[in-house]
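Only one structure is covered here, and it is reproduced in the block below.
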Amino acid sequence: MAINNDTSSPTESSGTSASSVLDVFHPLYLHPFDTPGTMLVSIPFGGIGFGDRKEGMLISLSAKNKVQLIDGTLTEPTPNSPLYPHWQRCNNMVKAWIINSFSKDTAKIILYYKIAREAWNNLVERYGVANISQYYSLQQSISSTSPGSSDIATCYTKLKGFWDELPTISLGRPCTCGAMHAITEAHKLIQFLSGLNEIYS
């Protein structure tokens with residue numbers, strides 16, 4: 001459901017324009033510390049591991065109360081709306097954050113998109129769609145992970161990261177039934193135990 005872009009507010013009745021005052025909890029409010037140079041994730045996306053970067057960016061945008069600008073719940077106001085200048089600024093700010101979270105070559109793909117949501121959707125469509133090579137590569141990483149000189153906790157943490165990423169690129173429609181979940185968890189346990197050194201037998 002789209003957020004109501006009603007331009008009427010108590011501030012207007014007292015003679016203050018809505019274009020100059022926004023509640024700090026409004027998704028179009030920009031904090032003084034919000035700058036175009038902000039990165040949503042610590043390591044820019046360069047073509048591999050989009051699932052992790054996507055989740056990280058969504059968390060950051062949610063914390064900044066700006067995820068509505070890319071998920072479609074906040075619609076673009078009309079140009080004559082007092083909210084339009086705020087929307088323009090936030091739209092450009094979010095777009096800048098997204099661009100900064102990608103490598104220079106990857107960022108060129110969305111540089112000329114005018115609307116942050118369209119740029120985001122293009123990235124999700126381009127990199128978020130599962131393909132066999134991604135799935136195979138991740139399964140290979142899972143299969144080759146063993147403690148080696150590391151302890152069990154370190155090995156499990158590494159495997160857990162791979163397992164958490166797997167659903168983001170799994171092929172086909174995911175099954176949410178309890179039986180399939182139990183099978184998946186059992187499969188993870190077998191993968192973990194089979195990779196342990198004989199010393200842990």
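All values reported here derive from a predicted model rather than from experimental measurement.
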So which atom in M93 and which in T35 form the shortest heavy-atom distance, rounded to 0.1 Å? SD-C, 3.4 Å
Do the non-hydrogen side-chain atoms of F102 and K108 ever get within less than 4.5 Å of each other? no
Donor-acceptor contact present, side-chain S81 to main-chain P77, <3.5 Å: no
So, K95 side chain and L111 main chain: donor-acceptor pair closer than 3.5 Å or not? yes
Between the side chains of S103 and D105, is a donor N or O closer than 3.5 angstrom to an acceptor N or O? no
Under a 3.5 Å threshold, yes or no: a donor from one side chain and an acceptor from the other, between N122 and Y113? yes
Working note: L28 + L74, criterion side-chain contact (heavy atoms from CB on, under 4.5 Å); need CA distance, chi angles, decisive distance, verdict. CA-CA 9 Å; L28 294 181; L74 179 61; 3.5 Å; yes
Would a hydrophobic clustering, with Ile, Leu, Val, Met, Phe, Trp and Tyr connected at side-chain separations under 4.5 Å, put V124 with L58? yes
Using 0.5 Å steps for rounding, measure from the CD1 atom of I98 to the OG atom of S60. 11.0 Å
Within a strict 4.5 Å, meaning less than it, do heavy atoms of the L69 and R117 side chains meet? no
Quick one: are M57 and W120 in side-chain contact, heavy atoms under 4.5 Å? yes
Of the non-hydrogen atoms in C90 and P27, which two are nearest, and what is the gap between them? SG-O, 4.1 Å
If you round to the nearest 0.5 Å, how far is CG of L123 from CD1 of I99? 9.5 Å
For a 4.5 angstrom cut-off between non-hydrogen side-chain atoms, does L30 reach K66? yes
Is the side chain of S101 donor-acceptor paired with the backbone N or O of L40 at a distance under 3.5 Å, no angle test? yes
Within 45° of the axis and under 6.0 Å from the centre of the six-membered ring of W97, does NZ or CZ of K64 qualify? yes
Taking the inter-plane angle between the rings of W87 and Y84 on a 0 to 90° scale, is it parallel (under 30°), tilted (30 to 60°) or perpendicular (over 60°)? parallel
Under 3.5 Å donor-acceptor, N100 side chain and P36 backbone: yes
